[in-house]
**Q** 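Pasting a structure here, questions to come.
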Amino acid sequence: MKRVLAFILAVIITLCSFSFNVKPAYADALFARITTENTPFYPTESSTQPLFYLPYTYYVKVLRSGEHFTHVECYGDGDTAAIDGFVPTEMLFFDGLSVQNPFVVLQLTTVNTAVLYEDAALTKQTQYIFENRKLNYYGFVETSSGKAYFVSYNDRLGYIKETDVYPFSIPNHPNELTFLTPEVPETPPIENTPQQSNSDFFGLKVAIIICILFAGVVALFFALSKHPDRKAAATYYDDNEYE
């Protein structure tokens, strides 16, 4: 009986140890990458107006894949609460790389007293936010009056004008950008030079040989024609020699 109780106790301790040995949240998750700066994030599959455009080169967590839209989740790091929505399936890229920090962790700071809007058109005011307040960043939208950012402030979601926060930039995700097509260096065009056939070269050689032979015959002819007249040289005398 004691052995049975000891065995049961050992099993309970083992199961408890497994329950505390929790893997990282992203270890078994499937992530898809954002490969363009205009990848929309919709609240529902039937939405026509995106909540915002997702950060370029970062990832979303896939919850359910669909033919036209994929249900995804993003953020959830630090103070930025997770949010789920839908992304066009054709705009997602699975690079198969190990993902340690898939989402942007970024806080914006108000440069002056600003308004938090409920809608992307910036018409429905939600609340005022004083200067030097921290806002958690999700993405951006383009409006008729310029760019706006989708943010959260005190657990309230909304939009704020670009001009109401300090300028910032988002670096590319540290993972390799495998979705980019490698640039192939341009090779200069090869000029087509006319090439002579073997028969042309043979004819040229024959012409050169004939010219050389002809020049030799001419030189020989002139050499033979310039011998002095020996008979004339023998009969020549100078009258002055006998004076």
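Side-chain atoms are counted along with the backbone in the values below, which use heavy atoms only and exclude waters and symmetry mates.
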**Q** So, R64 and E45, do they make that salt bridge, N to O below 4.0 Å?
**A** yes

**Q** Determine, using the 4.5 Å side-chain heavy-atom cutoff (strictly less than), whether V87 and V99 are members of one ILVMFWY cluster.
**A**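 Yes, one cluster joins them.
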
**Q** So Y56 and T39, side chain to side chain contact (heavy atoms under 4.5 Å, CB included) or not? Walk me through it.
**A** CA-CA 8 Å; Y56 174 65; T39 301; over 6 Å; no

**Q** Just how far is it from atom OH of Y59 to atom CG of N101, taken to the nearest 0.5 Å?
**A**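 Between atom OH of Y59 and atom CG of N101 there are 11.0 Å.
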
**Q** Give, for atom CE of M91 and atom OG1 of T36, the distance between the pair rounded to the nearest 0.5 Å.
**A**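 Taking CE in M91 and OG1 in T36, the distance rounds to 3.5 Å.
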
**Q** Hey, what do you get for CD (Q127) to CD (E118), rounding to the nearest 0.5 Å?
**A**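 CD of E118 is found 12.0 Å from CD of Q127.
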
**Q** For T57, give me all partners under side-chain hydrogen bond (donor to acceptor under 3.5 Å, both in side chains), at least two apart in sequence or on another chain.
**A**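 Expected list: none.
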
**Q** Quick one: pull up CG in D79 and OG in S152 and give me the separation to the nearest 0.5 Å.
**A**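 It comes to 8.5 Å.
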
**Q** Sequence neighbours left out, cut at 3.5 Å: what donor-acceptor pairs do the side chains of residues 102-115 make with other protein atoms?
**A**
{"unit_1": "Q107", "atom_1": "NE2", "unit_2": "N136", "atom_2": "OD1", "d": "3.1"}
{"unit_1": "T109", "atom_1": "OG1", "unit_2": "K134", "atom_2": "NZ", "d": "2.8"}
{"unit_1": "T110", "atom_1": "OG1", "unit_2": "F130", "atom_2": "O", "d": "2.7"}
{"unit_1": "T110", "atom_1": "OG1", "unit_2": "N132", "atom_2": "N", "d": "2.9"}
{"unit_1": "T110", "atom_1": "OG1", "unit_2": "R133", "atom_2": "N", "d": "2.9"}
{"unit_1": "N112", "atom_1": "ND2", "unit_2": "D164", "atom_2": "OD1", "d": "3.2"}

**Q** Grab the two heavy atoms, one from F94 and one from V62, that are nearest each other, plus how far apart they are.
**A**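 That closest heavy-atom pairing would be CE2-CG2, 3.8 Å.
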
**Q** With sequence neighbours excluded, tell me which residues meet ring-ring contact (aromatic ring centres under 6.0 Å, His included) with Y117.
**A**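 Expected list: none.
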
**Q** What residues, two or more places apart in sequence or in another chain, satisfy ring-ring contact (aromatic ring centres under 6.0 Å, His included) together with F86?
**A** H71

**Q** Does the pair L122 and K161 meet the rule for a side chain to side chain contact (heavy atoms under 4.5 Å, CB included), with working shown?
**A** CA-CA 8 Å; L122 307 181; K161 293 180 180 179; 3.9 Å; yes

**Q** Does T48 have any side-chain hydrogen bond (donor to acceptor under 3.5 Å, both in side chains) partners at least two apart in sequence or in another chain, and if so, which?
**A** none

**Q** For residues L51 and P43, report the shortest heavy-atom separation together with the two atoms involved.
**A** CG-CD, 3.8 Å

**Q** Below 6.0 angstrom between ring centroids: does that apply to Y75 and Y138?
**A** yes

**Q** Using the benzene-type ring in the case of Trp, are the ring centres of F168 and Y149 under 6.0 Å apart?
**A**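 They qualify: ring centres under 6.0 Å apart.
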
**Q** Assess whether side chain to side chain contact (heavy atoms under 4.5 Å, CB included) is satisfied between L63 and V72, documenting all intermediate values.
**A** CA-CA 5 Å; L63 302 179; V72 301; 5.6 Å; no

**Q** Nearest 0.5 angstrom please: I129 CD1 to R156 CZ, how far?
**A**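 One gets 9.5 Å once the value is rounded to the nearest 0.5 Å.
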
**Q** Hey, could you give me the CG/CD1 distance between L92 and I34, rounded to the nearest 0.5 Å?
**A** 5.5 Å

**Q** May I ask you to check whether over 12 heavy atoms, not counting those of K124, lie within 6.0 Å of atom NZ?
**A** no

**Q** For R33 and D95: C-alpha separation, side-chain torsions, deciding distance, then whether salt bridge (Lys or Arg N to Asp or Glu O under 4.0 Å) applies.
**A** CA-CA 7 Å; R33 200 163 195 181; D95 58 12; 3.1 Å; yes

**Q** Kindly write out the residues that satisfy ring-ring contact (aromatic ring centres under 6.0 Å, His included) with F140, not counting sequence neighbours, or none if the list is empty.
**A** Y53

**Q** Closest approach of T35 and F93, non-hydrogen atoms and distance?
**A** CG2-CB, 3.4 Å

**Q** Quick one: closest heavy-atom pair of L135 and Y153, and the distance?
**A**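 For L135 and Y153, the tightest heavy-atom pair comes out as CD2-CD1, 3.5 Å.
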
**Q** By the definition ring pair (Phe, Tyr, Trp, His ring centres under 6.0 Å), identify the one residue from Y42, F150, Y159 that meets it with F52.
**A**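 Running ring pair (Phe, Tyr, Trp, His ring centres under 6.0 Å) over Y42, F150, Y159 with F52 returns exactly one hit, F150.
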
**Q** Do you know the tightest heavy-atom contact between A120 and V141?
**A** CB-CG2, 4.3 Å

**Q** Looking at N172, I want to see if its CG is surrounded by more than 12 non-hydrogen atoms of other residues, nucleotides or ligands under 6.0 Å.
**A** yes

**Q** Please give me the minimum heavy-atom distance between S98 and N175, naming the atom from each residue.
**A**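 Minimum heavy-atom separation between S98 and N175: O-ND2, 3.1 Å.
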
**Q** Should we count CD of E37 as having more than 12 external heavy atoms under 6.0 Å?
**A**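 12 or below, so no.
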
**Q** Using the side chain to side chain donor-acceptor pair (under 3.5 Å) rule, take T70 and S65 through it: C-alpha gap first, then chi angles, then the decisive distance, then the call.
**A** CA-CA 5 Å; T70 296; S65 296; 4.6 Å; no

**Q** Donor-acceptor pair, T143 side chain versus S145 backbone, under 3.5 Å?
**A** yes

